[in-house]
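All values below come from the heavy atoms of this structure, side chains included, with hydrogens, waters and symmetry mates left out. Everything numeric here is computed off the predicted structure, so don't read it as measured data.
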Amino acid sequence: GNTPVNIRGKRILSKTGGWIAAFFIFGNEMAERMAYFGLSVNMVAFMFYVMHKPFSSSSNAVNNFLGISQASSVLGGFIADAYLGRYWTIAIFTTIYLAGLTGITLCASIGIFTPEQERCDELALLLGNCKPAKHWQMVYLYAVLYITGLGAAGIRPCVSSFGADQFDERSKDYKSHLDRFFNFFYLSVTIGAIVAFTLVVYIQMEHGWGLAFGSLAIAMGISNMVFFVGTPLYRHRLPGGSPLTRVAQVLVAAFRKRKAEFSSSELVGLYEVPGKHSTIKGSGKIAHTDDFRCLDKAALQLKEDGPDPSPWRLCTVTQVEEVKILIKLIPIPACTIVLSLVLTEYLTLSVQQAYTMNTHMGHLKLPVTCMPVFPGLSIFLILALYYALFVPLCRRVTGHPHGASQLQRVGIGLVVSILSVAWAGLFERFRRNYAIEHGYQAIFLSQMPNLSAYWLLIQYCLIGIAEVFCIVGLLEFLYEEAPDAMKSIGSAYAALAGGLGCFAASILNNIVNSVTGDKKETRPSWLSQNINTGRFDYFYWLLTVLSLINFGVFLYSARRYKYR
C-alpha cells in the first residue's frame, strides 16, 4: 500500500518526517528557485552584453530554455513515480543542476568562452557592431544552460511532493499541516527569488558575471549538502512502477473490449483484487466512479478472460481510476497556462517600462533588473498575513476551515491576475502619452526624471498576490487529488503548465510582431524595441482579454470537478 518507508524500503519504526524533515527540503527548493530566477533575470542581459546576441533573440532563447526546463518536469515526475522514488530523483538531478551552474560560471569567468569585448560600448551594441560569439561558444553556453534545465526538470516535480510526504496521513492535523506546508514551501520559493533579484544582481553589477553565476552554484552546492544531511529524517514512498505502462494497459484493454456490453451474459463483474491492498506498489485501493465509462471496459471481467488474464486485457478498478483521475485533473492546471504567460511577459515588458522611468528611491537608485523583486516582496507579505488576516475573513464568508478551498484559491488568483494586466494596460497608456508629450518618443533609453518607476509596483504587487493564491492552491490541489503512486506526476502538471506558458509567450510575441509590424511601411509593431513608438498598452489589453476568457473556462471546469 502507501505505507511510508525509510531509505532502504523498510517499514518505519522510529519517529521520522514532520516539520524538521520538511525544513531540510525547503533549503533545496530555495536554492533551486534562486538559481532559476537568477538565470532568468541575468541570462538575457549576459547574452546581449557579453555574447553580443540581439536582445529579441536573447529573450526568446531564455524563454525557450525556461519553457523546456519546466515542461520536461513530467519526465522527472515519471522517473520518480516509476523507478527511483522522489529522494533519489532529487539527489541525482540536483547534482546535474550543480554541474550545469558550474559550467555557466566557467563560461562567464574564462575569456575563451566569450567573444572579444574591445571597442564594444552601448552604442555599438545597439547598432549591432560588436563582434558576435563564435558558433562553438554559443553551443557550449546552450549545452551547460540545458544541463541546468535538465537538473531543474528532475527536481521541480519532486520537491513539493517529497516535502508533503513527510506528514502522516493518519494524523488528525494532517490537512492543517499540509495547508501550511504548501504556503511555507512557496515562501521558500519567494525567498530564493528575492535573493536572485537583489543580491545576485548586486554581485553582478559590483563584481561581474563570473561571481554572479558562481554565487548560484555555491548556493546550490550548500543546499545539496543540507539536503543530504537530513537523509536519516526523511519518510519515503515506494515507487509504484511505470505509470505510463499502467495508463497504456488501461487504454489498450479498453480498446480491445470496446464492443463488450456492461449487461452481457459473459460479464463476471468489474475486476479488483481481494483484500485491503491494491496490486500497485505505493498505492491504496481507489473506489469505482461513473466518470469516463468507456474506460471501465478495461476492468470488465469476462468469462473468456480466464483465471490469470494479461494486464493488457484486464486491469483492476484501481488502475482504471488512476487514469480517470489524471484525465480529470488536466483542465485545472491547463487554466493556469495564461497566468504563466502573463508572468513570463512581465519579466521583460515591465523591465523595459522601468528603463524609461525614474528608479530613484530617495537618494538610492535601484537597478532596473531589481524591479521584479517587488512581486516577491508582496508574496512574502501576503504569506505572512495569510493565516492572521485572510483565513479568518474568508472563513466567515465560505465556512471553509481553511478560508477557501483549493479551487477557490486558484480562482481568486486568476481574478487578481486580470486586475493586474488591466491596470498595466491603463498605466502603460499614460506612460506612453507622457513620453510623447515631453519629447521622449525617439530617446527611449533615456529615463524620464519626473515619472517614477514605482507606479509599476501596483501591477507587480497584484501579480504577486495572484501567484500566491493560484500556484499554492494548485500545488496543494494536485498533491491531494493525484493518485497515491502518481504524486510527482500530479505536481509535474503545474510545472508543465508553467513551461507551456513560457512557450505561449514566445509564440504570442512572434504573432504580435508579425501581425502588427511592417518593415516595408516602417510601421513599428506593438512590441517594438522603442517602447515609446510601440503599443505595449494594446498588448496588455490583449492579455486582459485572454485572461478573462481563461477565467470563464476555469469557472466551467471547477464547477464540474468533484473532489476525491
Side-chain angles (χ1 to χ4, degrees), residues 1-2 71 73-83 85-86 157-158 161 237-262 267-274 276-302 305 309-335 406-407 474 477-497 500 557-558 560-564:
N2 55 359
S73 296
V74 175
L75 174 64
F78 167 75
I79 292 171
D81 285 340
Y83 304 113
R86 289 185 261 282
C158 300
S161 299
R237 304 273 181 154
L238 291 171
S242 172
L244 293 185
T245 301
R246 296 201 301 276
V247 170
Q249 286 172 342
V250 169
L251 298 178
V252 170
F255 179 78
R256 293 175 71 173
K257 293 184 176 178
R258 64 191 182 280
K259 295 182 180 179
E261 299 292 336
F262 288 100
L267 177 65
V268 176
L270 291 176
Y271 176 65
E272 184 58 279
V273 294
K276 295 181 179 180
H277 305 295
S278 78
T279 56
I280 302 167
K281 190 186 293 185
S283 172
K285 282 187 175 180
I286 305 175
H288 174 259
T289 62
D290 291 328
D291 300 311
F292 302 108
R293 292 283 287 170
C294 59
L295 294 177
D296 282 338
K297 293 191 175 183
L300 280 181
Q301 188 173 13
L302 305 176
D305 289 328
S310 164
W312 294 93
R313 180 169 179 81
L314 181 65
C315 304
T316 64
V317 168
T318 295
Q319 193 174 336
V320 173
E321 291 301 320
E322 277 190 330
V323 179
K324 290 184 184 179
I325 290 169
L326 288 181
I327 295 172
K328 286 189 286 187
L329 288 178
I330 289 173
I332 303 302
C335 289
Q406 295 143 1
L407 290 181
L474 180 65
F477 169 77
L478 292 172
Y479 181 81
E480 287 206 34
E481 295 297 302
D484 292 334
M486 296 185 179
K487 297 291 189 186
S488 298
I489 287 186
S491 298
Y493 273 9
L496 177 61
L500 293 176
S557 303
R560 287 176 58 87
Y561 187 84
K562 296 178 182 178
Y563 285 98
R564 289 178 62 194

Nearest-0.5 Å distance that lies between atom [atom1] in [X] and atom [atom2] in [Y]:
{"X": "Ser557", "Y": "Ile330", "atom1": "OG", "atom2": "CD1", "answer": "11.5 Å"}
{"X": "Arg313", "Y": "Leu302", "atom1": "CZ", "atom2": "CG", "answer": "6.5 Å"}
{"X": "Ile332", "Y": "Leu478", "atom1": "CD1", "atom2": "CG", "answer": "9.0 Å"}
{"X": "Gln319", "Y": "Leu314", "atom1": "CD", "atom2": "CG", "answer": "9.0 Å"}
{"X": "Lys259", "Y": "Lys297", "atom1": "NZ", "atom2": "NZ", "answer": "10.5 Å"}
{"X": "Ile79", "Y": "Ile489", "atom1": "CD1", "atom2": "CD1", "answer": "10.5 Å"}

Compare every heavy atom of [Y] with every heavy atom of [X], then report the nearest pair and how far apart it is.
{"X": "Ala260", "Y": "Leu300", "value": "CB-CD1, 4.1 Å"}
{"X": "Pro333", "Y": "Ala497", "value": "O-CB, 3.3 Å"}
{"X": "Cys158", "Y": "Ala80", "value": "SG-CB, 3.5 Å"}
{"X": "Ala482", "Y": "Leu329", "value": "CA-CD1, 4.0 Å"}
{"X": "Arg256", "Y": "Trp312", "value": "NH1-O, 3.5 Å"}
{"X": "Val273", "Y": "Thr316", "value": "CG1-CG2, 4.3 Å"}

Under 3.5 Å, side chain of [X] to main-chain N/O of [Y], donor-acceptor pair present?
{"X": "Lys324", "Y": "Asp291", "value": "yes"}
{"X": "Glu321", "Y": "Thr289", "value": "yes"}
{"X": "Glu272", "Y": "Thr318", "value": "yes"}
{"X": "Ser73", "Y": "Leu496", "value": "no"}
{"X": "Lys487", "Y": "Tyr479", "value": "yes"}
{"X": "Tyr493", "Y": "Leu326", "value": "yes"}

Close side-chain approach of [X] and [Y], heavy atoms under 4.5 Å:
{"X": "Arg246", "Y": "Met486", "value": "yes"}
{"X": "Glu480", "Y": "Tyr563", "value": "no"}
{"X": "Asp296", "Y": "Val317", "value": "no"}
{"X": "Ile327", "Y": "Leu295", "value": "yes"}

Original post:
For atom CZ of Phe292, is the number of surrounding heavy atoms from other residues, nucleotides or ligands below 6.0 Å larger than 12?
Top reply: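 For Phe292, atom CZ is crowded (more than 12 foreign heavy atoms under 6.0 Å).
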
Heavy-atom count check: over 12 atoms from other residues, nucleotides or ligands less than 6.0 Å from Arg258 CZ?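 Yes, CZ of Arg258 has more than 12 neighbouring heavy atoms, counting only those of other groups under 6.0 Å.
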
Any salt bridge linking Arg237 with Asp81? Criterion: basic side-chain nitrogen under 4.0 Å from a carboxylate oxygen.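 Salt bridge: no.
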
